[in-house]
Amino acid sequence: MNLGEKIKKYFQEAELYASHGLLAEALEKYQAVEGLVRSSGKIRNRDGILNKLAVKIKETSQKLNKLDRIQPMREVNEDAQSLIKEMYTFDDPEAKGSAVLGGAVALAKFGQYDKAIEELNRLLEYDKLRLEAAKNILWCWVQQNYGEYAVSLYQKWRKQKLFPPDETEVIQAYFNELMDGAGVEHELEELECQQTIEPDSEVEDEDILDISAVKFVLPGGPRKGESIELEISFQSGKYIQMIIPRREKELTDSIHVGALIKNMIFYSPVAIFYGEGFVSSNNAIDAGPKKGDFSLEIKIIKIVS
Amino acid sequence: MAVINLKNRQIECKLVFYGPGRSGKTTNLEFIHKKFQKQVLGKMISIDTEGDRTLFFDFLPIGLGKIKGCDVKVQLYTVPGQVKYKATRQLVLKGVDGVVFVADSLAVRREKNMVSLKDLHENLMKMGLNIRKIPLVLQYNKRDLETKGLPVMPLEKMEHELNRQLKVPSFPASAVTGEGVGNTLTAALKLTLQSLQKEFKWAH
């Protein structure tokens, strides 16, 4: 086989590999062709061929990089989530016989963390399922790198005395191991006696613009899933406060202290930005002109863009 | 794990198409979906794909009708083949009753086949299953590409490298044309049902 035939054969192979989605193999062949062309000065239109090959190599590399960047565990649509839950709701020993818990655990394992947490939160109400549900909720938060939030949530449960002493021991041992595995520093002893732990904010007070309003989807309660927009009544750095009129009590029932709110939109007079917030307080106002209304405070813990 | 209801004479089992990325697992299911319409019980579902790459899994439910007095239903799944989706493969394998290993005949994919077969072995082991004992069929896919001028491994070589120790049924195939797909599926179902019969004695 002469050089020309070899170049042609390799190029055809590269094109076929590319058409079959075998991008690494295609790239290797394009590079081999480029090497052959470079090694000979006698090829007609050599520079033109090399330019075309450079384009092919660049395009193939870009496609490969794009594939590498895909997150293997990302949120899929609601129908797909229902399907995962349905398909994997078989008798799972880890789920201790509960089909509902099995489905929620399957969602968590497939990386559908928000949906899994939503389902698992519901199961906290059932004595027999509470422990497993709580363990899986903590696992979901830690998997998403929200170790600190998991600690604050665990503290909330301890303060509420959600678990009897024997279960507290079990879950603490589990949580310790989980946090050690994730390399998160933590102190879980006597948490219920400590002041409420709030997840640290990634943003400095001075970096946050004056915010005039926020928009987010209600994370739970009777109006769960509804998108609401609230005006900011007071702001101190990363803490924003909103007044919710008494007639909107349903709304405050949907936002519990300690909840993490993702995908928040912050409106400032000069820009719109996105982030996450931690509900730090939600109280009824008991004096003054706003008496009977509610004061909701959110700590901004992350700015995404 | 198969669901066997002897009272209602119903069997539901799970067959997983395993193999390296781009070896043609989804194409196998697509062909089955198209060709065996009478057996197909529902639509083929592909959960989360990027272009033509499976990131989660494909699912196709089929019914084999009455076999020895039992109504047999089979859930066909594919796994994502790329190495980085190991965790997803473990999830999809959960409860598996039989496996079709789809190997890529292209010479450049030789190592990928071996890595994927090793991965199958490890994942089964984690679930307490033995690759030598589970119903398993090998398919040497993309035989048609030889005619397009791409270097394809001889069947003997593939048999030697992948099936020397396993000694399971193997089939040359071209999932895009459908050649060998039916044979592979039939053999896998036969082995799976025989294994379930041995375990549960459902056919008297």
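Protein chains get the first letters and strands the later ones, always in sequence-line order, with residue 1 at the start of each. Keep in mind that this is a model prediction, so the values were computed, not measured.
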What distance do Lys109(A) atom NZ and Gln90(B) atom CD have between them, rounded to the nearest 0.5 Å?
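Output value for this atom pair is 9.5 Å.
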Which residues, numbered in order, of residues 131-163 of chain B come under 4.5 angstrom of chain A by heavy-atom distance?
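Residues in range: Lys142(B), Leu145(B), Lys148(B), Gly149(B), Leu150(B), Pro151(B).
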Within a reach of under 6.0 Å around [atom1] of [X], are more than 12 heavy atoms found that belong to other residues, nucleotides or ligands?
X	atom1	value
Tyr10(A)	OH	no
Glu28(A)	CD	no
Glu5(A)	CD	yes
Lys52(A)	NZ	no
Lys66(B)	NZ	yes
Arg44(A)	CZ	no

Closest non-hydrogen atom pair between Phe56(B) and Phe110(A), with its separation
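Closest heavy-atom pair between Phe56(B) and Phe110(A): CZ-O, 3.5 Å.
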Just jot down the salt bridge (charged side-chain N to carboxylate O under 4.0 Å, His left out) partners of Glu34(A), sequence neighbours excluded, or say none.
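Glu34(A): salt bridge (charged side-chain N to carboxylate O under 4.0 Å, His left out) contacts with Arg38(A).
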With a 4.5 angstrom heavy-atom cut-off, which part of Glu25(A) approaches chain B: side chain, backbone, both or neither?
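For Glu25(A), the side chain is the part near chain B, not the backbone.
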